[in-house]
Amino acid sequence: MDRRDFVKTAAAGAAAGAVPSLAASSAAAEAGVTGESGRMSAPAIHTRATRPVLVADVSSIRYRNGGPESAIERAFRGITEGEDILDACVAGVNIPELDPEERGIGYGGLPNADGVVQLDSCLMHGPRRWAGGVAGLEGVKTPSLVAKAVAELTDHHLVVGKGAQDFARALGFEIHDDLNTAASRELWLEWRRRVDPGHWLDPEERLRDTGRVGEDTDPDTIRRERGPAPAAHPDPARAARLRRFHDASLAAGLSMVDDGLIDPDSFWGTTSLEAVSPDGDLCGVTTTSGLSWKIPGRAGDSPILGAGQYVDNDVGAAGSTGRGEANLYNLSCFMIVEFMRQGMSPKDAGMAVLERVRHNTVESRLLNSRGLPAFDLRFFVLGKVGDYAGVAMYGAAESAFAVCDENGAREEPLEGLLEGSPRD
Ligand code: GLY
């Protein structure tokens, strides 16, 4: 089999969803495919897609900001009309970013512990092989456009905090005093009430009363799993109080999810959109207000290449929503693309990384009563030939991801690694 035949075979198999794990790399080895260095290397799938395909989280299909199109529909239209693939995707995600009803990103995204909306975004342009990102950006409704400006106009990749806002201001972006809506501010106030109505910096007693503090803040558990950190800090009492507060903050936020006040998709809410063009070019864009009630300045996975987003124009693209720290620890999206480079299908690659995350989740505060991750994580994975998958740590019946191709925009069920719910 020569290289061209191998490529055709791999493409046909992938398009039919029939590429078993590592089958393509085995075939490449048989075919003697070598990398530029001349050494045997895992193959990229060099076949071109013949149709545009987009995959995304559900906010990309459920929000229109009062307009005619969702993010995924806008992006699909742009790509089919010949717009630059990344420009089309960014124009798409601008729709939910600007939608005040969408609580996980942009305007109206849930704020940090101080009640300030801080936004993260990153994007990668496959054919141009560049990327840009912003983190902790305040006052700009469309952080994805600022991330694009970082990539297009500078030699940097990631600009954060006040510097990111100054950069946006210098480029003429409108800077708003507050990106909260009445609804996002009310939810933040409710979180503060739950953390502690009287003294929100010392919430342990209040949460113990409500049964929200258990093993997480037990001193022995902390020593065993996280080390006796407070003693090593300049002010041990303050350090201990901060750690208690942080654990209690997360518990209070999750209690709001349990009580149905926050959609689980919004708590770590993120919009991530991956696309392949008819020419087989790939891109991805991710935008988020990050973990609700986060410590001011906390950056999640979304602005970090390889964690919440990765694109390799020779191979595929992956984006994610869910607990960002899990993706940061495991560089999940980079690993998914690397697994696809080795020949795994999008689904197998996503599942392999979910299994790695599950294996690496050991602290009791991160585990549910079944000893499984107490959080969800979702991956939207796209191969170069338009093969795709949506996978999740938990595949609840109603959980879905968005797809758009020549058959239109639709929701498809996510395939879960684990059954049940993260909160079981
Ligand atoms: N995945 C979004 C975040 O954790 O910030």
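Order of appearance sets the numbers: ligands from 1, and atoms from 1 within every ligand.
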Using a 4.0 Å heavy-atom cut-off, which part of Arg378 comes near ligand 1: side chain, backbone, both, or neither? neither
Going by atom types alone, do Asp57 and Ser59 pair a side-chain donor with an acceptor below 3.5 Å? yes
For Gly290, the atoms of ligand 1 under 4.0 Å from one of its heavy atoms are 5 (O)
If you measure only the distance, is there a donor-acceptor pair under 3.5 Å linking the side chains of Glu138 and Gln165? no
For Leu291, counting its heavy atoms only, list the atoms of ligand 1 lying under 4.0 Å from any of them. 5 (O)
Go through ligand 1 atom by atom and flag the ones less than 4.0 Å from a non-hydrogen atom of Asp301. 1 (N), 2 (C), 3 (C), 4 (O), 5 (O)
Lys/Arg-Asp/Glu bridge criterion (N-O < 4.0 Å) met for Arg192, Glu190: no
Mind checking whether Gly322 has an N or O less than 3.5 Å away from an N or O of ligand 1? yes
Pairing donors with acceptors under 3.5 angstrom, does anything connect the side chains of Arg194 and Ser255? yes
Sub-4.0 Å heavy-atom approach of Gly308 to ligand 1: no
Mind checking whether Arg298 has a heavy atom under 4.0 Å from ligand 1? yes
Are Asn360 and Asn330 packed together at the side-chain level, in the sense that at least one heavy-atom pair is separated by less than 4.5 angstrom? yes
Please check if any side-chain donor atom of Ser144 sits under 3.5 Å from a side-chain acceptor atom of Glu97, or the reverse. yes
Which atoms of ligand 1 are found less than 4.0 Å from any heavy atom of Thr270? 1 (N), 2 (C)
